[in-house]
J.: 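Before I ask anything, let me first share the structure, which is written out below as structure tokens.
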Amino acid sequence: MKKTVIIFWSLLFFTNSNAQNKTVTTSGNILEVTLPVAALVSTFIWNDDHTKPTWQFVKAYASATILEQALKHIVQKPRPDGSDNYSFPSGHTTSAFSGASFIQRRYGWKYGIPSYILASYVGYTRIQAKKHDGWDVLAGATIGIGTSYLFTKPYQKTKVDVTLNKISGGYLVGFNYTF
């Protein structure tokens, strides 16, 4: 009886552990797409025509993806699970960090910190699934962040410039309101 209970609990633990691992991997796969989609959608919501945020995102994301794919084919590092030779860098992590860093760069740390936490979780899920090691994830994060910083300008809601000029007989105060 005692052995049966131990075997039952061992099987239950193993089954739940396997299901939990699949859930973690699936959630990482979902976030890998969700973060860049959220970044792209934000460009339509907070669109200021003079900086062209959608074009900034497209350049950042496309360059990250192209660089990541080129490195995969040049380096051809085997995955930890042995499934293929395209481990370096992590594409999931590149995608997630590209979206997260676009959000942070464009809208500030208030939105950037949660985005980076979610992107880091994506990196964790790739290691947990034995698709990548830490170097693959770090390289993917670096590519995603680097390309976003290269192409993204911070969003400026409104800006007021105050100028003070000396003129004959006094001073001139000027206000310039940009929106």
J.: Is there a side-chain contact between Phe151 and Val58 in this structure, where contact means two heavy atoms from C-beta onward sitting under 4.5 Å apart?
T.: no
J.: Side-chain contact test, heavy atoms from C-beta onward, threshold under 4.5 Å: evaluate it for Ile127 versus Asp133 and give yes or no.
T.: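 A side-chain contact is absent here, since even the closest heavy-atom pair is not under 4.5 Å.
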J.: Would you check if the side chain of Thr125 reaches a backbone N or O of Val122 as a donor-acceptor pair within less than 3.5 Å?
T.: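 The answer is yes, because a donor-acceptor pair under 3.5 Å joins these two groups.
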J.: Taking Asp136 first and then Lys77, would you say they form a salt bridge - that is, a charged N and a carboxylate O separated by under 4.0 Å?
T.: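 Answer for the salt bridge query: yes.
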J.: Decide yes or no for Thr93 and Ile143: does some side-chain heavy atom of the first lie under 4.5 Å from some side-chain heavy atom of the second?
T.: no
J.: Is there a donor-acceptor pair closer than 3.5 Å between any side-chain N or O of Ser101 and the backbone N or O of Gly144?
T.: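 Checking the backbone N and O of Gly144 against the side chain of Ser101, a donor-acceptor pair under 3.5 Å is found.
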J.: Are Arg126 and Asn29 packed together at the side-chain level, in the sense that at least one heavy-atom pair is separated by less than 4.5 angstrom?
T.: yes
J.: Evaluate the criterion side-chain contact (heavy atoms from CB on, under 4.5 Å) for residue pair Ser120 and Phe97; output intermediate values, then yes/no.
T.: CA-CA 8 Å; Ser120 298; Phe97 271 92; 3.6 Å; yes
J.: I'd like to check Ser42 versus Phe102 (side-chain heavy atoms, cut-off strictly below 4.5 Å). Are they in contact?
T.: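 A side-chain contact exists here, since the closest heavy-atom pair is under 4.5 Å.
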J.: Check for a donor-acceptor pair, side chain of Gln128 on one end and backbone N or O of Val24 on the other, with a separation under 3.5 Å.
T.: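 No; judged by distance alone, with no hydrogens or angles, the pair does not exist.
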J.: If we only count heavy atoms from C-beta on, is the Pro80 to Lys131 side-chain gap below 4.5 Å?
T.: no
J.: Does a side chain donor of either Thr147 or Tyr61 reach within less than 3.5 Å of an acceptor in the other side chain?
T.: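 Note: Thr147 and Tyr61 side chains miss the donor-acceptor criterion.
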J.: I'd like to know whether OH of Tyr111 has more than 12 heavy-atom contacts from other residues, nucleotides or ligands below 6.0 angstrom.
T.: no
J.: Kindly say whether Val75 contributes a backbone atom to a donor-acceptor pair with the side chain of Tyr86 at under 3.5 angstrom?
T.: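 No, the answer is negative, given that no donor and acceptor are paired below the 3.5 Å cut-off.
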J.: Do you see a donor-acceptor pair shorter than 3.5 Å between the side chains of Gln104 and Tyr149?
T.: yes
J.: Whether the side chain of Arg79 engages the backbone of Ser87 through a donor-acceptor N/O pair (distance < 3.5 Å, no angle test) should be reported.
T.: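 Flag not set: sc Arg79 to bb Ser87 has no pair under 3.5 Å.
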J.: Side-chain contact test, heavy atoms from C-beta onward, threshold under 4.5 Å: evaluate it for Ser27 versus Tyr121 and give yes or no.
T.: yes
J.: Tell me if the centroids of the rings in Trp135 and Phe88 come within less than 6.0 Å of each other.
T.: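 No; Phe88 has its ring centre 6.0 Å or more from that of Trp135.
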J.: Using side-chain heavy atoms (C-beta onward) and a distance below 4.5 Å, is Ile113 in contact with Ile117?
T.: yes
J.: Check whether any side-chain N or O of Thr94 sits under 3.5 Å from a backbone N or O of Ser90 as a donor-acceptor pair, and report yes or no.
T.: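 Confirmed, Thr94 side chain pairs with Ser90 backbone.
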J.: Does the Thr43 side chain pair with the main chain of Pro53, one donor and one acceptor, at a distance under 3.5 Å?
T.: no
